[in-house]
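Throughout, residue positions are numbered sequentially from 1 according to the sequence presented. For clarity, every value in this text was computed on a predicted model and none was experimentally measured.
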Amino acid sequence: MLMRCLRSIPVSEDIQVIVVDDNSPDADTYLERYPELSRPYVEFIRTTKGGGAGYARNVGLDHAKGKWLLFADSDDFFCEHAFEVIKEYEESDADVIFFKIKSVYSDDINQSAEKCLWINKLIDNYLNYGDDIAVRAKHCVPWGKMIKRKFIFEKQFRFDEIKYSNDVYFSTCVGLDAAKILADSRFLYGLTTREGSLTNNFLKKDEELGIRAEAVFRRQKLLKERQIILKPMPFRPFLMSMLLDDKMLFRKYIKRVDEIYPSTYSAIKDLCLSRRLHTKIYIWFYSYFLRIF
C-alpha cells in the first residue's frame, strides 16, 4: 500500500517525499525489496522509538524543506492530476487550502466507500455559503489539504505523540490560526477503507477510549476558549462510551465536563438527547451522584 501511495506522487525535484518508518522490525530490508523507496527525491527515514504516527509525522516535519506540506497515510494515495492542481496554488498567499477527498475501498479503489465524507460536506458548505468556521474547526485531519510550512513553523505546531487521535489538536490549531484559507471542490486525496486499520473497530481497542477522549477533550477546551460551539458536541459519544464501558473514565470526565460545556447541566442534557426515558433518568441520577461524591 505504501508503494501505491508513492507511485501516486510524481518524480520531480520540486517534490520532496519523506517516508518515515517508525521502528518496523524488517525495515532494514525495505530499500532492497521496494524500489520506489530508492527513487530520486525520496527520503526514507528510519526511527527506533516506536512512538506512533504522531511521532513519525513530527520527524517528517523536522526534515521538510518545501514551501507547502502535504500529509499522507501509507495506505492512502493522491488522486490523478492532484499535483497539477497543487501546482496552481504554488504562489497562493493562503496558509491552508482544503480539498475534497475520494473515499474508496483499499482492495478496489474503483469502489466508493462512505468513510469521512463529512469532509466533502464541509468543503461544499464553505464554497456555497462561506461557512469558514465549520471547515476551520471540524476538519480535524491533516490530509486532504495544503499547509504552508512557514505558517506551521512560526506557530510551532506539533502532532501529539500518542497512539490514537494524534492529529486532532494539530489540525484544529491549523484551521483556527490560519490567517487565510481557501477551498477547492476538486479531489486531491484518496482515502481508503480496510480491515485492521486504526480507525476500524472504533473505541474497541486497548486504551483507545481514554487516549481518544483526552485528545478530543483538549480540542474542545481550545474551541471553548475561542468561543466556538460545535453541534453536535464531538465529546458526547465519548461520554456515552465511558458510561457504558468504563465507569472510572466517566467519573473522571463528568467532574471536568464544565471545562468544555457551558455547564454540567448542559453536558448531561446533551448526553440525554434522543435517549429513552429510563436511560435519561439513569444518566441524570448517576451523573449528579458522581458530581456530589
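Considering only heavy atoms from C-beta on, Met146 stays 4.5 Å or farther from Val96 through its side chain. In this structure the side chain of Val19 never reaches within 4.5 angstrom of the side chain of Tyr30, judged on heavy atoms. For the pair Leu188/Cys79, no side-chain contact is recorded, criterion being any heavy-atom separation below 4.5 Å from C-beta on. Contact check for Asn125 versus Val135: no side-chain heavy atoms found under the 4.5 Å cut-off. Annotation: side chain of Met242 is not in contact with side chain of Met248 (no heavy-atom distance under 4.5 Å). Taking 4.5 Å as the limit, every side-chain heavy atom of Val141 sits out of range of all side-chain heavy atoms of Cys116. Counting heavy atoms from C-beta on, the side chains of Trp68 and Ile147 never come closer than 4.5 Å. Under the 4.5 Å side-chain criterion, counting only non-hydrogen atoms from C-beta, Leu61 is in contact with Ile152.
A salt bridge is defined here as a Lys NZ or Arg NE, NH1 or NH2 lying under 4.0 Å from an Asp or Glu carboxylate O, and Asp26 with Arg33 meets this definition. Salt bridge absent: Arg194 and Asp107 never bring a charged side-chain N and a carboxylate O closer than 4.0 Å. Salt bridge Asp270/Arg236: present, at least one basic N to carboxylate O contact under 4.0 Å. A salt bridge links Arg158 and Asp62; the closest N-O separation between the charged side-chain nitrogens and carboxylate oxygens is under 4.0 Å. With salt bridges taken as basic N to acidic carboxylate O contacts below 4.0 Å, one links Lys100 and Asp124. Electrostatic pairing of Arg39 and Glu36 does not count as a salt bridge here, judged by no charged N lying under 4.0 Å from a carboxylate O. Looking at Glu161 and Lys49, a side-chain N of the basic residue comes within less than 4.0 Å of a carboxylate O on the acidic one, giving a salt bridge. Salt bridge status for Glu259 with Arg256: present, with a side-chain N to carboxylate O gap under 4.0 Å. Taking 4.0 Å as the cut-off between side-chain N and carboxylate O, Lys148 and Glu154 do not count as a salt-bridged pair.
Taking the six-membered ring for Trp and the full ring otherwise, Phe151 and Phe157 have centroids separated by under 6.0 Å. Taking the six-membered ring for Trp and the full ring otherwise, the centers of Tyr253 and Phe235 sit less than 6.0 Å from each other. Between Phe78 and Phe83, the distance separating the two ring centers is shorter than 6.0 angstrom.
Applying the ring pair (Phe, Tyr, Trp, His ring centres under 6.0 Å) test to residues at least two apart or on different chains, the pairs with a partner in residues 255-274 are Tyr265-Trp284.
The number of heavy-atom neighbours closer than 6.0 Å to CD1 of Ile229, taken from other residues, nucleotides and ligands shown, is 12 or below.
For Thr192 (side chain) and Val104 (main-chain N/O), no donor-acceptor pair under 3.5 Å exists by modelled atom type. In this structure a side-chain-to-backbone donor-acceptor pair under 3.5 Å is present from Glu208 to Lys205. With hydrogens and angles ignored, the 3.5 Å screen pairs a side-chain donor or acceptor of Asn58 with a backbone N or O of Phe159. Side chain of Ser8 to main chain of Cys5: a donor-acceptor pair is present (N/O by atom type, distance under 3.5 Å, no hydrogens or angles). A side-chain donor-acceptor contact under 3.5 Å links Lys255 to the backbone of Leu290. Without hydrogens or angle criteria, Trp143 side chain to Leu70 main chain gives no donor-acceptor distance under 3.5 Å. The backbone N or O of His63 sits nowhere less than 3.5 Å from a side-chain atom of Glu43 that would complete a donor-acceptor pair.
Judged by the 6.0 Å distance and 45° axis criteria, Arg218 is positioned over the aromatic ring of Tyr169. Note that Arg149 lies in the cation-pi zone of Phe153, set by a 6.0 Å cut-off to the ring centre and a 45° limit from the axis. In this structure, Lys145 fails the cation-pi test against Phe98, since its NZ or CZ atom is not both closer than 6.0 Å to the six-membered ring centre and inside 45 degrees of the ring normal.
Atom CD1 of residue Ile211 and atom OG of residue Ser165 lie 9.0 Å apart, to the nearest 0.5 angstrom. Distance check: Ser287 OG to Leu271 CG gives 6.5 Å after rounding to the nearest 0.5 Å. In this structure, CG in Leu249 is found 11.5 Å from CG in Leu243, a value given to the nearest 0.5 Å.
A donor-acceptor contact closer than 3.5 angstrom links the side chains of Ser106 and Arg4. Side-chain contact annotation: Thr47 with Asp22, donor-acceptor N/O pair under 3.5 Å present.
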When you look at Lys87 and Glu90, which way does the salt bridge (Lys or Arg N to Asp or Glu O under 4.0 Å) test go after all the steps?
CA-CA 5 Å; Lys87 188 73 174 177; Glu90 185 177 357; 3.0 Å; yes
Decide yes or no on side-chain hydrogen bond (donor to acceptor under 3.5 Å, both in side chains) for Thr172 and Arg136, but give the supporting numbers first.
CA-CA 7 Å; Thr172 305; Arg136 285 173 180 270; over 6 Å; no
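Contacts of Ser241 classified as side-chain contact (heavy atoms from CB on, under 4.5 Å), with partners at least two apart in sequence or in another chain: Leu203, Leu209.
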